[in-house]
Peer 1: 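Please see the structure below; I have some questions.
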Amino acid sequence: MTDTENEITAELVRSLLEEQHPDLADLAIREVAGGWGNQMWRLGDELSVRMQRMDPTPEMQLKERRWLPVLAPRLPLPVPTPVRFGEPSERFPKHWTVMTWVPGEPLDHAPISRGDHAADTLAGFLRALHVEAPADAPIAADRGAHPKNCTDGFENFLQAVALDRDIAADARAVWDEAVAAQAWDGPRVWVHGDLHPANVVVSDGTLSGIVDFGDMFAGDPAWDLAAAWVLLPAGTASRFLDMYARADEAAIKRARGLAAMKSLFLILMGQNGDRGLPGGKPHWGPVGRAALDRVLKGV
């Protein structure tokens with residue numbers, strides 16, 4: 001936090017609950033590690049409080065409030081669902097939301113050991129999510145575009161992480177295939193948009209929940225299909241794509257290129273963590289390198 005007036009503490013969370021939702025104020029409050037744009041707190045055993053922190057606008061929280069109650073009932077995995085709204089006040093001039101808690105450990109702390117099961121589970125989840133979105137569904141602001149429109153970001157990540165020359169060349173070749181791939185020409189479908197290891201949870205060695213829908217949008221499903229390499233263990237991407245059964249060759253190429261970019265981002269965040277930079281996460285470095293290795297090995 002750079003704004004000490006808005007430092008988020010357990011005492012602040014409790015005081016906000018006492019003000020706006022007093023029937024919840026006596027529940028135990030525990031900070032949840034991680035989070036950047038928003039900070040999470042456990043509230044009792046079944047709820048959480050999502051506090052707007054570094055996000056400059058409440059757009060992501062308001063999007064979750066509007067659309068998660070619509071999506072959640074038809075999704076085959078638990079997702080956080082808003083149950084109470086916290087409004088800006090003199091005590092805390094930002095938005096906050098009480099949501100259901102999704103049990104499990106984040107994938108960046110608890111690896112998948114049942115790869116085939118996780119591949120089937122993720123495929124089923126994305127088949128259920130990737131249905132045509134209504135006309136008023138949100139459109140992505142900084143993601144969701146064809147890879148050819150994201151090349152500056154890819155190149156910036158690639159230069160920043162300073163990979164071995166041969167690995168960098170292989171990553172660029174995957175990206176070039178994605179850039180050359182045909183664009184999505186189907187209907188705009190619901191897309192999570194930010195499937196990385198801190199936004200999925202694991203129980204009993206397999207995927208058990210999906211969290212953080214703040215970047216959800218309607219558009220190209222390839223942005224989620226990249227999870228075949230970013231999330232799943234080596235050797236399971238093919239099984240995932242077979243079970244998903246809706247991705248043509250162009251979608252797979254776009255998805256694999258996007259997975260390469262996402263992997264570079266994870267590596268960069270790991271390096272930033274090693275340097276002690278704000279928002280950096282040292283443990284993401286190995287996660288990103290493993291994901292990039294899976295990308296380069298193909299389907």
Side-chain angles (χ1 to χ4, degrees), residues 1-109 125 129 133-134 136-138 141 190 192-196 198-203 208-217 279:
M1 293 288 297
T2 56
D3 184 353
T4 56
E5 291 184 355
N6 290 333
E7 182 181 2
I8 301 171
T9 64
E11 290 73 20
L12 173 62
V13 175
R14 191 173 304 282
S15 69
L16 293 173
L17 290 168
E18 289 171 345
E19 268 187 353
Q20 300 188 32
H21 300 286
D23 58 312
L24 302 178
D26 290 334
L27 294 174
I29 298 173
R30 291 161 285 170
E31 185 174 3
V32 178
W36 178 247
N38 293 278
Q39 186 177 19
M40 298 292 293
W41 294 78
R42 286 289 301 272
L43 181 61
D45 293 328
E46 299 181 354
L47 299 174
S48 64
V49 183
R50 186 166 170 81
M51 306 285 292
Q52 183 187 341
R53 181 165 61 175
M54 301 303 291
D55 284 345
T57 74
E59 177 185 356
M60 291 186 174
Q61 282 206 36
L62 298 181
K63 192 190 304 185
E64 290 181 324
R65 291 181 182 183
R66 168 67 179 88
W67 293 108
L68 278 175
V70 175
L71 295 174
R74 59 179 175 78
L75 296 176
L77 287 176
V79 301
T81 306
V83 296
R84 304 282 185 91
F85 299 160
E87 302 305 327
S89 65
E90 183 176 347
R91 193 180 299 269
F92 185 70
K94 298 181 179 182
H95 286 74
W96 51 281
T97 306
V98 179
M99 312 183 80
T100 56
W101 175 254
V102 178
E105 291 295 321
L107 178 57
D108 58 338
H109 290 285
F125 177 85
L129 176 64
D136 58 341
W190 280 113
H192 179 282
D194 197 23
L195 289 176
H196 63 66
N199 284 345
V200 301
V201 296
V202 174
S203 299
S208 59
I210 310 291
V211 301
D212 196 346
F213 282 73
D215 285 307
M216 75 175 112
F217 63 88

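Nothing here was measured: the structure is a model prediction, and the numbers come from that model. The first residue in the sequence is number 1, and the count goes up from there.
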Peer 1: Of all the heavy-atom pairs spanning A72 and T81, show the shortest one and how long it is.
Peer 2: CB-OG1, 3.6 Å

Peer 1: Are the side chain of Q52 and the backbone N or O of H95 linked by a donor-acceptor pair below 3.5 Å?
Peer 2: yes

Peer 1: Which distance, rounded to the nearest 0.5 Å, do you find between the NE2 of H192 and the CZ of F217?
Peer 2: 10.5 Å

Peer 1: Please name the pair of heavy atoms, one in H21 and one in G86, separated by the smallest distance, quoted to 0.1 Å.
Peer 2: NE2-N, 4.4 Å

Peer 1: Which pair of heavy atoms, one from R42 and one from G44, lies closest together, and at what distance?
Peer 2: NH2-O, 3.6 Å

Peer 1: Flag yes if more than 12 heavy atoms outside E19 fall under 6.0 Å of its CD atom; otherwise flag no.
Peer 2: yes

Peer 1: Testing the basics here: between L75 and L71, what is the closest heavy-atom pair and its distance to 0.1 Å?
Peer 2: CG-O, 3.3 Å

Peer 1: Less than 4.5 Å apart, any side-chain heavy atom of L62 and any of T57?
Peer 2: no

Peer 1: Answer yes or no: is there a side-chain heavy-atom contact under 4.5 Å between M216 and L68?
Peer 2: yes

Peer 1: On a heavy-atom basis, which atom in S203 and which in G104 lie closest, and how many Å separate them?
Peer 2: OG-CA, 3.5 Å

Peer 1: For the pair R66 (side chain) and A137 (backbone), establish whether a donor and an acceptor sit closer than 3.5 Å, ignoring hydrogens and angles.
Peer 2: no

Peer 1: State the CG-CH2 distance between L16 and W41, to the nearest 0.5 angstrom.
Peer 2: 11.0 Å

Peer 1: Using every non-hydrogen atom in the two residues, find where L12 and I8 come nearest and quote the distance to one decimal.
Peer 2: CD2-CA, 4.0 Å

Peer 1: Say whether, by atom type as modelled, one donor and one acceptor occur between the side chain of S48 and the main chain of W101 under 3.5 angstrom.
Peer 2: no

Peer 1: Salt bridge between D215 and K63, side-chain N to carboxylate O under 4.0 Å?
Peer 2: no

Peer 1: How many angstroms lie between CG in D108 and NE2 in H196, if you round to the nearest 0.5 Å?
Peer 2: 8.5 Å

Peer 1: Quick one: are E46 and V83 in side-chain contact, heavy atoms under 4.5 Å?
Peer 2: no

Peer 1: Report the residue from D23, T97, L17, L47 that forms a side chain to side chain contact (heavy atoms under 4.5 Å, CB included) with R84.
Peer 2: D23

Peer 1: Are L24 and L43 side-chain neighbours, meaning at least one heavy-atom pair lies under 4.5 Å?
Peer 2: yes

Peer 1: In Å, rounded to the nearest 0.5 Å, how long is the span from CD of E11 to CD1 of I29?
Peer 2: 8.5 Å

Peer 1: Where the side chain of K94 meets the backbone of P58, is there a donor-acceptor pair that is under 3.5 Å apart?
Peer 2: no

Peer 1: So do the side chains of W67 and P82 get within less than 4.5 Å of each other, counting heavy atoms only?
Peer 2: no

Peer 1: Heavy-atom distance under 4.5 Å between the side chains of V49 and Q39, does that happen here?
Peer 2: no

Peer 1: Output yes when a side-chain donor or acceptor of Q61 lies under 3.5 Å from a complementary backbone atom of R50, and no otherwise.
Peer 2: yes

Peer 1: Go through the steps for D212 and N38 under the test side-chain contact (heavy atoms from CB on, under 4.5 Å), then give the verdict.
Peer 2: CA-CA 9 Å; D212 196 346; N38 293 278; 5.7 Å; no

Peer 1: Can you tell if the side chain of Q20 reaches within under 4.5 Å of the side chain of S89, non-hydrogen atoms only?
Peer 2: yes

Peer 1: Are side-chain heavy atoms of V13 and W96 found at a separation under 4.5 Å?
Peer 2: no

Peer 1: For atom CD of E105, is the number of surrounding heavy atoms from other residues, nucleotides or ligands below 6.0 Å larger than 12?
Peer 2: no

Peer 1: Verify, without hydrogens or angle tests, whether H109 (side chain) and A198 (backbone) share a donor-acceptor contact under 3.5 angstrom.
Peer 2: no

